Amino acid sequence: MNRRQLPRILAALLASAGMAAAGLAMADEAAYPNRPIMLVVPTAAGGTTDISARMIADSLGKALGQSVVVDNKGGGNGAIAAMAVKRAEPNGYTLLMQYSGYHVITPHVSTQKPQWSADDFRPVANVLSAPQVIVVREGLPVKTLPELIAYAKANPGKLTYASSGNGSLQHVTGAMLEQQAGIQLMHVPYKGTGPALQDLLGGQVDMTFGTPPPFMPHIQAGKLRALAVTGKSRLPSLPGVPTAAEAGMPKLDATSWFAMFAPAKTPQAVVDKLNVEIAKIASSPAFQQKAAEQGATADYMDAKKLGEFSRQEFFRWGQVVKVSKIEGD
């Protein structure tokens with residue numbers, strides 16, 4: 001071998017190695033999954049995001065023949081979980097069950113430079129959607145959304161509403177109601193839905209917004225009054241509660257959604273395989289019944305539709321935040 005031949009030989013070896021690596025990658029994608037999958041959740045156990053993750057994890061694990069393990073990484077307004085998935089190998093074995101409030105609102109309200117953006121993730125599929133329900137304390141003298149608005153106009157700035165924190169979806173939903181109804185409310189932020197709910201039950205605040213699961217027992221017991229659902233249709237679990245549109249507020253649409261994302265460079269074949277199984281699960285009567293029991297809806301969107309929808313949501317909520325000059329913690 002002479003020196004002139006050496007570069008050509010090295011190039012051939014590198015090319016061969018690259019082809020071998022590509023072949024192994026393709027084989028791994030075809031065999032996916034051949035080990036357990038980690039589904040990271042940006043909240044503590046017990047909330048709607050966690051419930052969504054556990055509902056899909058159980059069924060998806062059975063469909064794929066591998067365990068789907070839920071890993072709760074709460075904190076940082078979703079940043080801890082998001083960063084864990086962003087840094088993971090893009091091979092489909094680390095996924096994120098994302099909450100819409102973190103995905104499309106937190107980036108607008110963060111007072112610090114965000115550590116991640118939507119571009120760091122590849123949409124996989126939407127799983128569930130759940131509207132906010134507007135609930136008031138037992139002694140507040142209103143029974144409908146129009147009565148609430150009239151009460152707020154007669155008492156500007158005195159009606160208090162609780163949220164799970166500055167910049168949360170509840171906070172921004174309250175701001176949306178103020179903008180559309182022409183009223184002034186007093187925002188009272190808490191560190192989570194639990195403390196906010198306790199003070200609402202105790203009469204320290206007048207009202208709040210939120211996905212139905214935490215409120216359902218108290219609504220059924222008569223300790224809280226549900227005035228309206230901020231979605232496009234009534235909930236089977238609350239059939240007597242009108243939508244905001246039916247109550248005269250057609251643009252008050254504040255629906256949370258819970259979707260699966262993967263690291264940005266996850267192969268298309270992996271995303272496609274997950275989509276096929278999630279679509280089957282979401283269309284099953286058993287899954288739809290479980291969702292309804294939680295005050296939610298099985299709302300499957302494929303990767304393309306989820307990507308388009310999440311971009312629209314990012315813009316829509318950004319406008320509300322901008323007009324209301326909302327900032328997070």
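Bear in mind that the values here come from a model prediction, so they are computed numbers and not experimental data.
One N or O on the side chain of Gln180 and one on the backbone of Lys251 form a donor-acceptor pair closer than 3.5 Å. Between the side chain of His108 and the backbone N or O of Gln319, no donor-acceptor pair lies under 3.5 Å. Judged by distance alone, with hydrogens and angles left aside, the side-chain atoms of Lys273 form a donor-acceptor pair with the main-chain N or O of Tyr32 at under 3.5 Å. Asp199 places no side-chain N or O within donor-acceptor distance of the main-chain N or O of Gln204, the cut-off being under 3.5 Å. Looking at Arg234, its side chain does come within 3.5 Å of a backbone N or O of Pro239 through a donor-acceptor pair. When atom types are taken as modelled, the side chain of Tyr93 and the backbone of Asn34 share a donor-acceptor pair closer than 3.5 angstrom.
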Scan the side chains in residues 140-155 for donor-acceptor partners under 3.5 Å anywhere in the protein, sequence neighbours excluded, and list what turns up.
from	atom 1	to	atom 2	distance (Å)
Thr144	OG1	Glu147	N	3.2
Glu147	OE1	Lys143	N	2.7
Asn155	ND2	Tyr151	O	2.9

When the side chains of residues 65-72 are checked against the rest of the protein, which donor-acceptor pairs come out under 3.5 Å, sequence neighbours left out?
from	atom 1	to	atom 2	distance (Å)
Asp71	OD2	Lys73	NZ	3.4
Asn72	OD1	Arg54	NH2	3.0
Asn72	ND2	Thr43	O	3.0
Asn72	ND2	Asp50	OD1	2.9

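In this structure the side chain of Tyr99 never reaches within 4.5 angstrom of the side chain of Ile105, judged on heavy atoms. Residues Val270 and Val124 form no side-chain contact, since every pair of their non-hydrogen atoms from C-beta on lies 4.5 Å or further apart. For the pair Thr94 and Val40, the minimum side-chain heavy-atom distance is below 4.5 Å. Using a 4.5 Å heavy-atom cutoff, the side chains of Glu293 and Ser237 are not in contact. Annotation: side chain of Leu252 is in contact with side chain of Ile134 (closest heavy-atom distance under 4.5 Å). Looking at His171 and Asn166, their side chains come closer than 4.5 Å, going by heavy atoms from C-beta outward. Side-chain contact check for Lys290 versus Ile51: every heavy-atom pair is 4.5 Å or farther apart. Leu95 is not listed as a side-chain neighbour of Thr266, based on a closest heavy-atom distance of 4.5 Å or more.
Ser256 and Ser100 make their closest contact through CA-OG, 3.5 Å (heavy atoms, listed as atom of the first residue, atom of the second, distance). Contact between Ala82 and Phe121 at its shortest, heavy atoms only, is O-CZ, 3.3 Å. For the residue pair Pro131 and Pro212, the shortest heavy atom distance occurs at O-CD, 3.4 Å. Closest approach of Pro33 to Leu64, counting heavy atoms only: CG-CB, 3.8 Å. For Trp116 against Ala79, the heavy-atom pair with the smallest separation is NE1-CA, 3.6 Å. Of all heavy-atom pairs spanning Ala53 and Leu39, the tightest one is O-CD2, 3.8 Å.
Each salt bridge (charged side-chain N to carboxylate O under 4.0 Å, His left out) pair with one or both residues in residues 201-216, not counting sequence neighbours, appears once here: Arg137-Asp206. Sequence neighbours left out, the pairs with a member in residues 78-105 that pass salt bridge (charged side-chain N to carboxylate O under 4.0 Å, His left out) are Lys86-Asp120. Pairs engaging residues 192-213 under the ring pair (Phe, Tyr, Trp, His ring centres under 6.0 Å) rule: Tyr161-Phe209 [sequence neighbours left out].
In this structure, the ring pair (Phe, Tyr, Trp, His ring centres under 6.0 Å) partners of Phe261, at least two apart in sequence or on a different chain, are His103. Evaluation of the side-chain contact (heavy atoms from CB on, under 4.5 Å) rule for Arg316 yields Met176, Asp253, Glu313 as partners, not counting sequence neighbours. Scored by the ring pair (Phe, Tyr, Trp, His ring centres under 6.0 Å) test, Trp317 finds no partners at all (sequence neighbours excluded). Judged as a side chain to side chain donor-acceptor pair (under 3.5 Å), and not counting sequence neighbours, Thr106 has no contacts. By the side-chain contact (heavy atoms from CB on, under 4.5 Å) test, His218 is found to be paired with Leu197, Leu201, Lys223, Leu224, residues two or more places apart in sequence or in another chain being considered. Taking Lys62 as the reference, Asp58 meet the side-chain contact (heavy atoms from CB on, under 4.5 Å) condition, with sequence neighbours excluded. In this structure, Glu138 has no side-chain contact (heavy atoms from CB on, under 4.5 Å) partners at least two apart in sequence or on a different chain.
Follow the hydrophobic side-chain contacts under 4.5 Å out from Met38 and you reach Met260 in the same cluster.
In this structure, the separation between CZ on Phe258 and CD1 on Ile56 is 13.5 Å, given to the nearest 0.5 Å. In this structure, OG1 on Thr297 lies 15.5 Å from CH2 on Trp257, to the nearest 0.5 angstrom. Atom OH of Tyr102 is separated from atom CG of Leu96 by 11.5 Å, given to the nearest 0.5 angstrom.
Side-chain N/O atoms of Thr211 and Thr48 include a donor and acceptor closer than 3.5 Å.
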Q: Carefully, step by step, assess Gln170 and Thr173 under the rule side-chain contact (heavy atoms from CB on, under 4.5 Å).
A: CA-CA 5 Å; Gln170 296 101 314; Thr173 301; 5.6 Å; no
